[in-house]
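To start, the structure under review is shown below, and the notes come after it.
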Amino acid sequence: MLRPLRLLLSGLKTQPSRCCSSFVSRMRYVNRLKEDDEACAAALKDGSIFLFHRLSPLLRRPDARTFSPAAFTCSDVQLVLQRLGSDGSQLKEAVLIGCSEQNQAQFCLDVGELDQAAVEEASQGTFIDLRKAFFLLPATEAPLVSKGQALLRWHQTSRFCGASGQPTQRNRAGSQRFCSSSSTVYYPKMSAVAVALVSDGSRCLLGRQPSFPRGLYSALAGFCDMGETLEEALCREVAEEVGLEIQSISYSSSQHWPFPHSSFMLGCHALVSPAHTQLSVDNSELEDARWFTMDEITRALQVKAPPRRGDPPIIWLPPKHALANRLIREWVEQQRQSEGGE
Ligand SMILES: NC(=O)C1=CN([C@@H]2O[C@H](COP(=O)(O)OP(=O)(O)OC[C@H]3O[C@@H](n4cnc5c(N)ncnc54)[C@H](OP(=O)(O)O)[C@@H]3O)[C@@H](O)[C@H]2O)C=CC1
Ligand SMILES: [Mg+2]
């Protein structure tokens with residue numbers, strides 16, 4: 001059947017284009033939704049929505065061992081809101097997170113003004129603090145939820161313009177806020193953090209902060225100062241925290257890290273001279289830092305769960321969701337390869 005031209009065009013406006021690879025068309029689609037309020041409002045109607053309550057995501061348990069973020073349709077959310085006596089106008093507060101591989105726009109919405117238990121009952125899920133939820137979710141789904149929380153937090157803390165003190169207004173996608181008084185456009189912010197797995201060629205260096213759970217050691221990290229390069233930040237942090245000079249750096253990968261607030265983690269491997277490995281730990285930053293052998297790291301990687309109260313002390317490493325875990329595994333792999341090559 002022939003569809004009227006107007007409908008066809010509006011369909012084109014709200015659906016990813018089919019002319020390019022599906023990745024390219026999804027990226028262009030999301031970009032268009034950020035720029036076009038009308039298209040974004042239309043996409044919300046067909047999109048999926050992830051609910052949060054005061055920044056805690058709503059999770060469901062499809063089976064005893066799996067958690068997943070609960071994705072709702074717009075009409076599902078409207079029904080839940082109506083059942084709880086709301087007129088549904090909160091839906092306008094939904095923030096665009098991205099687009100699924102099935103070409104469906106994804107949004108997040110914080111319903112913190114509603115009763116938490118009532119929303120949980122109506123939506124058959126549980127709001128779980130992100131510090132716990134992040135690690136319960138599969139590594140493929142945790143980033144989506146942490147991105148949603150980061151965007152919602154940014155909106156909640158960016159309601160006023162720093163220049164004029166006047167309220168700011170968001171665009172429909174929630175990708176920016178604008179102050180009409182000072183003509184300032186604000187974009188979501190994240191802090192850059194450099195994280196390095198330092199090695200002397202045969203051992204790697206891990207440290208722990210006093211706030212870490214007992215026995216947890218991680219790669220050294222620090223916030224980048226304004227104006228610094230990644231390399232400068234890494235060299236400074238390692239010098240400050242353990243008193244070593246880095247000889248060379250190789251970039252590994254990056255990740256968004258939601259704790260304590262949005263950080264952009266840039267992960268590297270760093271080498272120090274085996275002749276200069278004496279540590280001078282800054283105890284105002286780190287409780288301890290030590291060199292670990294390949295055997296110690298291999299054993300620590302086998303620890304499946306953090307020790308419980310009363311368990312004998314053991315060393316354990318950041319969970320697989322953390323970039324530090326990836327750096328440690330990469331280092332193990334590099335060591336194995338170089339041992340195999342000798
Ligand atoms: N995903 C991963 O694998 C890893 C993630 N991390 C994360 O990296 C982050 C940084 O590591 P950390 O060793 O603590 O950093 P730092 O060594 O830089 O020390 C943190 C201190 O730096 C100050 N600081 C400077 N700039 C900022 C900023 N933009 N935001 C917050 N604090 C700032 C604060 O001091 P003050 O409070 O005195 O103002 C803070 O307590 C942490 O949030 C940690 O969770 C760390 C290791 C691995
Ligand atoms: Mg640090």
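Numbering of ligands and ligand atoms starts at 1, following listing order. Since this is a predicted model, take the numbers as computed values, not measurements.
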Touching ligand 1 at all, [X]? Heavy atoms, strictly under 4.0 Å?
{"X": "Gln209", "result": "yes"}
{"X": "Glu240", "result": "no"}
{"X": "Pro318", "result": "no"}
{"X": "His261", "result": "no"}

task: Would you check if the Mg ion (ligand 2) lies under 2.8 Å from any N, O or S atom of Leu286?
output: no

query: Can you check whether Asn325 has an N/O within less than 3.5 Å of an N/O in ligand 1?
result: no

Considering only non-hydrogen protein atoms, determine which one is nearest to [atom] and report residue, atom name and distance to 0.1 Å.
{"atom": "atom 5 (C) of ligand 1", "result": "Met265 CE, 3.3 Å"}
{"atom": "atom 1 (N) of ligand 1", "result": "Gln255 OE1, 2.8 Å"}
{"atom": "atom 17 (O) of ligand 1", "result": "Glu241 OE2, 2.8 Å"}
{"atom": "atom 3 (O) of ligand 1", "result": "Ala324 N, 2.8 Å"}
{"atom": "atom 16 (P) of ligand 1", "result": "Gly222 CA, 3.6 Å"}
{"atom": "atom 22 (O) of ligand 1", "result": "Phe223 CD1, 3.9 Å"}
{"atom": "atom 47 (C) of ligand 1", "result": "Ala221 CB, 3.6 Å"}

Is [atom] in close reach of the protein, with a heavy atom under 4.0 Å away?
{"atom": "atom 43 (O) of ligand 1", "answer": "yes"}
{"atom": "atom 37 (O) of ligand 1", "answer": "no"}
{"atom": "atom 40 (C) of ligand 1", "answer": "no"}
{"atom": "atom 29 (N) of ligand 1", "answer": "yes"}
{"atom": "atom 10 (C) of ligand 1", "answer": "yes"}

Kindly say whether [Y] contributes a backbone atom to a donor-acceptor pair with the side chain of [X] at under 3.5 angstrom?
{"X": "Gln209", "Y": "Glu285", "answer": "no"}
{"X": "His276", "Y": "Glu245", "answer": "no"}
{"X": "Gln255", "Y": "Leu323", "answer": "yes"}

- prompt: Do Leu279 and Trp291 have side chains that get closer than 4.5 Å, going by heavy atoms?
  reply: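 The answer is yes; the side chains approach within 4.5 Å.
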
query: So, do Ser218 and Pro318 sit near enough that their side-chain heavy atoms are less than 4.5 Å apart?
result: yes

Can you list the atoms of ligand 1 that are under 4.0 Å from a heavy atom of [X]?
{"X": "Glu285", "result": "17 (O)"}
{"X": "Leu323", "result": "1 (N), 2 (C), 3 (O)"}
{"X": "Phe259", "result": "43 (O), 45 (O)"}

message: Test of understanding: clusters of I, L, V, M, F, W, Y form through side-chain heavy atoms closer than 4.5 Å, transitively. Do Leu220 and Ile249 belong to the same one?
response: yes

Chi angles and distances behind the salt bridge (charged side-chain N to carboxylate O under 4.0 Å, His left out) call for Arg203, Asp200: CA-CA 6 Å; Arg203 300 172 299 170; Asp200 67 353; 2.9 Å; yes

task: Show your working on side-chain contact (heavy atoms from CB on, under 4.5 Å) between Ile297 and Val332 and close with a plain yes or no.
output: CA-CA 8 Å; Ile297 294 292; Val332 168; 3.6 Å; yes

task: Describe, in one word, how the ring planes of Phe134 and Trp257 are oriented to each other, choosing from parallel (under 30°), tilted (30 to 60°) and perpendicular (over 60°).
output: perpendicular

task: Would you check, one step at a time, whether the test side-chain hydrogen bond (donor to acceptor under 3.5 Å, both in side chains) holds for Ser191 with His261?
output: CA-CA 8 Å; Ser191 302; His261 304 304; over 6 Å; no

- prompt: Given that the side chain starts at C-beta and the backbone is N, CA, C, O, which of these parts of Ser191 lies under 4.0 Å from ligand 1, counting heavy atoms, or is it both or neither?
  reply: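 Contact part for Ser191 vs ligand 1: side chain (C-beta onward).
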
- prompt: How does Trp257 reach ligand 1, by side chain, by backbone, by both or by neither, if only non-hydrogen atoms under 4.0 Å count?
  reply: side chain

message: Working note: Ile328 + Cys204, criterion side-chain contact (heavy atoms from CB on, under 4.5 Å); need CA distance, chi angles, decisive distance, verdict.
response: CA-CA 8 Å; Ile328 294 166; Cys204 74; 5.6 Å; no

task: Of all N, O or S atoms in Glu241, identify the one at the shortest distance from the Mg ion (ligand 2).
output: OE2

query: So, Trp331 and Ser199: side-chain donor and acceptor under 3.5 Å apart, yes or no?
result: yes

field: Donor-acceptor pair between Ser89 and Asp87 side chains, under 3.5 angstrom
entry: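 Side-chain D/A pair, Ser89 to Asp87: present.
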
- request: Check the surroundings of atom CD in Glu240: do more than 12 heavy atoms from other residues, nucleotides or ligands lie under 6.0 Å from it?
  value: yes

